[in-house]
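Below, chain A is the first sequence line, B the second, and so on; all start at residue 1.
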2 protein chains.
Amino acid sequence: MIRAQLLTPDPASLTTFLNTHTRTRDCLIQIAGLAEVNYHGRAASTAEVGAYLVLIKRDGSLQIHAPTGIKPMNWQPRTDELTARVEHGRCILHASRRSPEELVRVTFLHPHLALALNLYEEASFTLSGSEKQMQDALARHPELIEPGLTVLDRELLVDSGGIDLYARDAQGQYVVVELKRGRATQDAVSQLGRYVATAQKSGVGAVRGILAAPSITAPALKELRARGLEFREIGAWPDAPAPAALPSLFD
Amino acid sequence: MIRAQLLTPDPASLTTFLNTHTRTRDCLIQIAGLAEVNYHGRAASTAEVGAYLVLIKRDGSLQIHAPTGIKPMNWQPRTDELTARVEHGRCILHASRRSPEELVRVTFLHPHLALALNLYEEASFTLSGSEKQMQDALARHPELIEPGLTVLDRELLVDSGGIDLYARDAQGQYVVVELKRGRATQDAVSQLGRYVATAQKSGVGAVRGILAAPSITAPALKELRARGLEFREIGAWPDAPAPAALPSLFD
DNA sequence: CAATCCGTCATGGGT
DNA sequence: ACCCATGGCGGATTG
């Protein structure tokens with residue numbers, strides 16, 4: 001599992017270590033110790049000398065973690081170039097990419113530990129509870145939104161975006177449905193409003209707009225009603241409350 | 001720097017290691033090896049047995065990294081409880097929080113390495129190029145948006161959100177300005193539209209709406225014009241293009 | 001390439 | 001708590 005480990009390496013050794021193990025692109029590298037970090041790209045940042053943990057994964061992605069916080073302090077999701085070199089007696093790591101043009105530079109002042117781990121066993125990962133799944137379930141059971149509803153299309157692309165569900169109600173009127181897996185906000189109302197306006201313009205007559213979500217914020221509901229749109233409470237989860245009043249999607 | 005290190009620890013040792021070093025909340029812990037991960041909360045996920053790197057920071061945040069990708073496969077930003085125990089002869093880590101109620105469970109099948117690092121030196125971190133900085137600069141130099149503009153308020157909270165800049169133009173007409181540090185999208189137009197409508201309702205007469213950003217998408221521009229709103233190209237960056245036509249904010 | 005939207009978004013700031 | 005908005009958002013998808 002441990003391919004290589006260095007304790008308090010000197011700049012030259014660390015540089016060699018980094019260049020060697022990043023080249024193979026088959027292991028996870030980490031360096032812990034005192035460093036400075038600079039970033040320049042869509043924004044710019046500077047981190048004064050402090051204790052950080054640097055991670056470089058197989059795919060060349062780089063992240064620099066501060067001692068707290070879930071998100072890395074600096075990162076580079078996709079590196080086009082990843083090189084280490086000695087400058088002014090220090091090991092410096094450059095991680096750059098084009099489009100957008102961005103550069104992260106790590107200056108190692110006092111590396112305590114450098115590790116290369118054989119970490120490559122990919123395993124299956126499944127996530128449930130996404131909006132996609134909610135869409136699948138409602139496309140199969142549109143009566144959960146409203147009795148008599150017929151789904152015509154899913155992910156229908158119009159120039160203002162993608163309509164989650166495009167349907168027709170019992171009276172033959174067209175309906176745009178916007179889904180949210182969580183509490184719906186004013187943004188969702190804006191989205192729905194855009195889609196309804198677009199559908200309206202296509203000349204099929206009056207189009208209804210329904211926002212289907214487990215809940216909605218008070219301002220969003222007010223805005224929704226002011227625009228003549230509708231809200232349907234749809235439990236997005238198997239263990240949704242009150243199965244009688246709010247039947248589960250996944251039966 | 002290295003507080004403790006175990007190689008291929010047995011379940012009991014790993015459990016003790018985890019409980020000991022998470023309790024002190026003053027070091028960064030990592031475990032690399034074969035594991036299974038389950039999550040249940042706002043969504044649910046399962047990762048089959050594979051090679052992962054588990055990080056636990058001082059603040060109790062947990063992240064489980066797969067061999068590739070910038071984002072962790074599973075995570076828990078804030079843990080209310082973080083405990084390890086032996087179950088069925090395996091070390092199992094539970095990380096839970098309330099509000100939202102979420103649980104991440106890691107089952108260690110074959111831990112190769114457990115490390116506790118003294119990593120606590122926080123250092124100053126500064127980011128430039130944020131929308132906040134853009135707002136500061138434009139509040140000082142509103143003439144970059146339009147000659148004769150006077151800023152009345154910043155971050156003015158209305159029930160539909162926060163207006164970036166509230167101003168009055170040379171003719172005394174009220175102006176709502178929405179800023180974007182990057183390319184403005186239809187969402188930004190929706191935001192601006194909401195704010196203008198809210199300001200309008202307050203009864204100060206006709207209110208102008210200006211979207212100030214370095215660029216705008218074509219559909220957003222179309223929508224903007226259809227709503228009678230305006231766009232101003234504002235370079236958000238010191239090294240913005242063509243200083244003559246597009247003066248820098250940071251002079 | 002551009003544009004859109006989802007996300008266990010995270011994170012911060014306001015009421 | 002709720003609600004809103006930003007982010008170097010990342011990531012996927014589609015045209």
Donor-acceptor contacts under 3.5 Å from residues 157-164 of chain A side chains, at least two apart:
residue	atom	partner	partner atom	Å
A/Ser160	OG	A/Thr198	OG1	2.8
A/Asp164	OD2	A/Leu179	N	2.8

Next item on the list: Check the pair B/Lys57, B/Gln63 against side chain to side chain contact (heavy atoms under 4.5 Å, CB included), reporting the backbone distance first and the verdict last.
Entry: CA-CA 9 Å; B/Lys57 291 192 182 181; B/Gln63 42 195 301; 3.8 Å; yes

Quiz prompt | Worked check of salt bridge (charged side-chain N to carboxylate O under 4.0 Å, His left out) between A/Arg154 and A/Asp136 | solution = CA-CA 9 Å; A/Arg154 294 167 59 179; A/Asp136 291 348; 2.3 Å; yes

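Taking atom CG on A/Asp159 and atom P on C/dA3, their separation rounds to 13 Å, with Å as the unit. What separates CD of A/Gln133 from P of C/dG7 is a distance of 10 Å, to the nearest Å. As rounded to whole Å, 15 Å separates atom C1' of C/dC6 from atom CG of A/Asp136. When the P atom of C/dT4 is taken as reference, atom CZ of A/Arg194 falls 7 Å away, rounded to whole Å. The interatomic distance linking B/Asp187 (CG) with C/dA3 (P) rounds to 14 Å, in whole Å.
Read 5' to 3', the first and last nucleotides of DNA chain D with an atom closer than 4.0 Å to a heavy atom of chain A are D/dC3 to D/dG15.
Within the nucleic acid shown, A/Glu178 comes within 4.0 Å of sugar-phosphate atoms alone, with no base atom in reach, counting heavy atoms only. No engagement by B/Gln135 is indicated, since no non-hydrogen atom pair under 4.0 Å with the nucleic acid exists.
Mapping A/Ala218 and B/Gln191 onto DNA chain D by nearest heavy atom places A/Ala218 at the nucleotide closer to the 5' end.
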Its contact letters, B for base, S for sugar-phosphate only and - for none at protein heavy atoms under 4.0 Å, make nucleotides 8-15 of chain C read BSSS--SS

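Here, C/dC5 and C/dC9 have their C1' atoms 12 Å apart, quoted to the whole Å.
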